[in-house]
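A quick note: this is a predicted structure, and the numbers were derived from the prediction, not measured. Below, chain A is the first sequence line, B the second, and so on; all start at residue 1.
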Amino acid sequence: MLLSKLVCERTKEAPQDAKIKSHILLSRAGFIKQVSNGIYTMTMPCQKMSQKIQAIIRQEMDALDGQEVLFPVVMPREIWETSGRYNSIGSEMVRFKDRADRDMLLGMTHEEAAVHLANHIVSSYNQLPFMIYQLQTKFRDEARSRGGLIRVREFTMKDAYSFHSTKEDMEAYYDRMFDAYYRIFRRIGLKRFIDIKSDSGMMGGSVAHEFMLLTEVGEDSIVLCNDCDYRANMEVAEGVINSPANEIKPLELVFTGEDKTIDEVSARLGISQDLTCKAVVFAVKGNSEEIVIAFTRGDLEINEAKLKKVLLKDIVPYDGGANEILACGNIGPVGLDNKIITVFDKSLENINSLVIGANKAEYHYVGFNFKRDLPGVKFVDVSKTRDGDACPVCGGKLRVENGIEIGNIFQLGTKYTKSMDMTVHGADGGEFHPIMGCYGIGVGRAIASIAQESSDDKGLILPMSVAPWQVHICPLRLDDESVKNKAYELYDDLTKAGVDVLFDDRNAAAGVKFNDADLMGMPIRIVVSPKSLATGEVEITVRATKESQKVAYDKALDVVKDIIEEQMQFLKG
RNA sequence: CGGGGUGUAGCGCAGUUUGGUAGCGCGCUUGGUUCGGGACCAAGAGGCCGUGGGUUCGAAUCCCGCCACUCCGACCA
């Protein structure tokens, strides 16, 4: 590829709104151009990178006997109604009408399409197990897209769906997929990624794992143990919170005036925050009359994902209202309207003497003891795990890191085969619903992750396996005939030998060429110049290490091949 | 959805407070000199100042509406 013809504008300055490294570098290198909120055009280098990632994914999926298919982007309402998700998914799914006024939608995931395909075609257990997958555009109308390719509305995704006769078979396949995911991420050059247990969210099902790239710009919080391999998404992470020991005291009403917050009350009473009880008020989504109060220790936060699981209901923050007790701000567990749902975090269970709200303006109780003053309460885990809490497995210290979700796998079970009534005949002559798993990887997010993780102050450092071009030739002084001839000859030779080459055919200053080469991040740079040719050599530099060597012109191809081989070996899954 | 911010040349920005018909840097074009880490000189091209209305002799600038983008939060397979 000739650089002068490449429709890809490199800039010195980052776009005004780009805040994170991957967004800044992919924009500056001209790999992406924004079209609208969360919608990008990928230029040729980015698209080539995407295709190389897709090729790796295909290899791994095919190795698991995957059958590549292509589901439609646009689907009719009906097949999404059979699963119940036409109504359960909110405005992130784009719905529209076609010319005949039929309800249509843009696919944001394809469980329904997968079952629709397999249903009736597959009618015997003899046809199980199988896996179908696709690489295709998804559209999700995110409430808030951000961060360049990290979180977008339109993106390419690999999604795979497997169907099995037994739970054991599905679990065994799930494990193989789990291993394939590790190979894929390693092969595309990611380094700091891990798997974590996750919440299965809108996909339904039980066991699920997310693959996370650990990076400070990640949107998810991940809890990891320093001493064992326990790790989980914040949404489901359990931490062991040890309650401070204090003496049992008599219950006593105390005046606290205008002080309402945990900070104010604990300061006024001279009692540490971990001996107070915090109340957080929610309303059930869609019914603002149905109020939920979650109690936890004053120094902790409520984890809404955990709370939803306990309640089996969707909740939203309570927005005030006419309730007198809630309005006074001093909410406590005693004497509440029994229509209010109360939930108590386990952190409160063993505290002998607590400060609680008195459900009365200007007053709190001190010396509250659950066993004595409100017997029969059940304690559950609804608090956010914090940095430094104890590991639920080994008791070691937990830490919290941020991560980008780069892939996920779910054990779906029969959620979709049941709701869409897919049955097959079993060996015993009966019928059963196949058991499913589903498995996703966002390709654009993988590109962003690579850019995020692999760069320096000059620009991108692309892994050999996914770089759009393996070699970037920078001829200096193209006005010099011998440079021009040798450089083009080298370009030809490398290309004929199957090497992917980007050739900077501009008659630009050395600095300009080097800076563009560094910014775009191809793994190998070759300089051909009057200076190097004087000794019959070219200069070969590895982008990642900055190591540079002078190589005889006719040895260049061999050296390039060796470097490619060496780097690909390193990236082997 | 809530709260902030911004829209002026391909990109990054100034000009808006105090109205007088638009400027800087980068990039682009042409000619010349340079040339191994973003060269220099000279000459150019390029803008309905997001959009609709209003005030005014006159609006990028003041007023009202709308749109887009964006940041923080809510949400998020």
Chemist: By nearest atom, which of the nucleotides B:G36, B:C75, B:C11 is closest to the A:A510 side chain?
Modeler: B:G36
Chemist: Report the distance from atom NZ of A:K19 to atom P of B:G73, rounded to the nearest whole Å.
Modeler: 13 Å
Chemist: Considering just the side-chain nitrogens and oxygens of A:R146, establish if one lies under 4.0 Å of OP1 or OP2 belonging to B:C71.
Modeler: no
Chemist: Test A:K167 against A:E171 for salt bridge (charged side-chain N to carboxylate O under 4.0 Å, His left out), laying out the working first.
Modeler: CA-CA 6 Å; A:K167 188 162 184 282; A:E171 284 168 353; 2.8 Å; yes
Chemist: Using the C1' atoms only, state how far B:G15 lies from B:C49, rounded to an integer number of Å.
Modeler: 10 Å
Chemist: Applying a 4.0 Å non-hydrogen cut-off, can you work out what A:R28 is touching in the nucleic acid: base, sugar-phosphate, or nothing?
Modeler: base
Chemist: Do the side-chain N and O atoms of A:T261 and A:D263 include a donor-acceptor pair separated by under 3.5 angstrom?
Modeler: no
Chemist: Do we see a donor-acceptor contact under 3.5 Å between the side chains of A:E112 and A:S83?
Modeler: yes
Chemist: With respect to the phosphate group of B:U70, does any side-chain polar atom (N or O) of A:N37 fall under 4.0 Å of OP1 or OP2?
Modeler: yes
Chemist: Across all strands, who's sitting opposite B:C75 as a Watson-Crick or G-U wobble pair, both distances under 3.5 Å?
Modeler: none
Chemist: Does B:U55 have a Watson-Crick or wobble partner in any strand here, with both distances under 3.5 angstrom, and which is it?
Modeler: none
Chemist: Nearest to the A:A509 side chain among B:C69, B:A39, B:C75, which nucleotide is it?
Modeler: B:A39
Chemist: Who does B:C69 pair with, Watson-Crick or G-U, both distances under 3.5 Å?
Modeler: B:G5
Chemist: Hydrogens and angles aside, do A:E219 and A:N402 bring a side-chain donor and acceptor to less than 3.5 Å of each other?
Modeler: no
Chemist: With hydrogens left out and only the distance checked, is there a donor-acceptor pair under 3.5 Å joining A:E539's side chain and the base of B:G36?
Modeler: yes
Chemist: For the pair made of CZ in A:R10 and P in B:G27, what is the distance, rounded to whole Å?
Modeler: 13 Å
Chemist: Taking only the P atom of each, what is the distance from B:G7 to B:C13 in whole angstrom?
Modeler: 9 Å
Chemist: Does the pair A:Y439 and A:S162 meet the rule for a side chain to side chain donor-acceptor pair (under 3.5 Å), with working shown?
Modeler: CA-CA 9 Å; A:Y439 320 89; A:S162 67; 2.6 Å; yes
Chemist: Quickly, which of A:V551, A:V559, A:L494 forms a side-chain contact (heavy atoms from CB on, under 4.5 Å) with A:I526? Name it, please.
Modeler: A:L494
Chemist: So A:S36, base contact, sugar-phosphate only, or nothing? Heavy-atom distance under 4.0 Å.
Modeler: sugar-phosphate
Chemist: Determine the Euclidean distance between corresponding P atoms of B:A68 and B:U51; express it in Å to zero decimal places.
Modeler: 15 Å
Chemist: Going by distance alone, is a donor N or O of one side chain under 3.5 Å from an acceptor N or O of the other, for A:D159 and A:Q134?
Modeler: yes
Chemist: Which nucleotide in the list B:C69, B:G36, B:G38 gets nearest to the side chain of A:V512?
Modeler: B:G38
Chemist: Under a 3.5 Å limit for both distances, which nucleotide forms a Watson-Crick or G-U wobble pair with B:C49, could you say?
Modeler: none
Chemist: If we take the C1' atom in both B:G53 and B:C67, what is their distance in whole Å?
Modeler: 14 Å
Chemist: Flag the pair A:F71 / A:H116 as yes when their ring centroid distance falls below 6.0 Å, and as no otherwise.
Modeler: no
Chemist: Which whole-number value in Å describes the distance from A:E13 CD to B:G10 P?
Modeler: 15 Å
Chemist: Using the C1' atom on both, measure B:G47 against B:A60 and round to a whole Å.
Modeler: 11 Å
Chemist: Between B:A14 and B:C62, how far is it from one P atom to the other, in whole Å?
Modeler: 15 Å
Chemist: In whole angstrom, give the distance that lies between atom CG of A:D17 and atom P of B:G4.
Modeler: 18 Å
Chemist: Indicate, with a heavy-atom threshold strictly under 4.0 Å, whether A:D518 touches base, sugar-phosphate, or nothing.
Modeler: base
Chemist: So, does the side chain of A:R144 form a donor-acceptor pair with the base of B:G73 at under 3.5 Å?
Modeler: yes
Chemist: Take A:N515 and A:F155, find for each the nucleotide of RNA chain B with the closest heavy atom, and name the residue whose nucleotide sits nearer the 5' end.
Modeler: A:N515
Chemist: Could you please name the option among B:G36, B:G12, B:U70 that lies closest to any side-chain atom of A:P15?
Modeler: B:G12
Chemist: Distance check needed: B:A74 P versus A:E301 CD, whole Å only.
Modeler: 11 Å
Chemist: Send over the distance from A:H472 NE2 to B:G36 C1', rounded to a whole Å.
Modeler: 15 Å
Chemist: Which is more 5' along RNA chain B, the nucleotide nearest A:E9 or the one nearest A:P530? Just name the residue.
Modeler: A:E9
Chemist: May I ask you to say what A:K458 touches in the nucleic acid, namely base, sugar-phosphate or nothing, with a heavy-atom cut-off under 4.0 Å?
Modeler: base
Chemist: Any idea which of B:C75, B:G37, B:U70 is nearest the A:F514 side chain?
Modeler: B:G37
Chemist: Students often get this wrong, so: under 4.0 angstrom with heavy atoms, is A:M157 touching a base, only sugar-phosphate, or nothing?
Modeler: base
Chemist: With a 3.5 Å limit on both atom pairs, tell me what B:C26 is paired to, counting Watson-Crick and G-U wobble, or say none.
Modeler: B:G10
Chemist: Using the C1' atom in both, what is the distance from B:U8 to B:G50, to the nearest Å?
Modeler: 10 Å
Chemist: Please measure how far the P atom in B:G27 lies from the corresponding atom in B:G12, and state the result in whole Å.
Modeler: 15 Å
Chemist: Expressed in angstrom and rounded to an integer, what is the separation of A:E405 atom CD from B:C75 atom P?
Modeler: 16 Å
Chemist: Partner lookup for B:G37, please. Criteria are Watson-Crick or G-U wobble with both distances under 3.5 angstrom; report none if nothing qualifies.
Modeler: none
Chemist: When you get a sec, tell me which of B:C35, B:C69, B:G12 is the closest nucleotide to the side chain of A:R477?
Modeler: B:C35
Chemist: Decide yes or no, distance alone: a donor-acceptor N/O pair under 3.5 angstrom between the base of B:G37 and the side-chain of A:R525.
Modeler: yes
Chemist: Can you tell me how far C1' of B:C28 sits from NZ of A:K12, to the nearest Å?
Modeler: 14 Å
Chemist: Across all strands, who's sitting opposite B:U18 as a Watson-Crick or G-U wobble pair, both distances under 3.5 Å?
Modeler: none
Chemist: If the plane angle is over 60° it's perpendicular, under 30° parallel, otherwise tilted; pick one for A:Y182 and A:F211.
Modeler: perpendicular
Chemist: Given the structure, check if the side chain of A:N507 and the base of B:C35 hold any donor-acceptor pair shorter than 3.5 Å.
Modeler: no
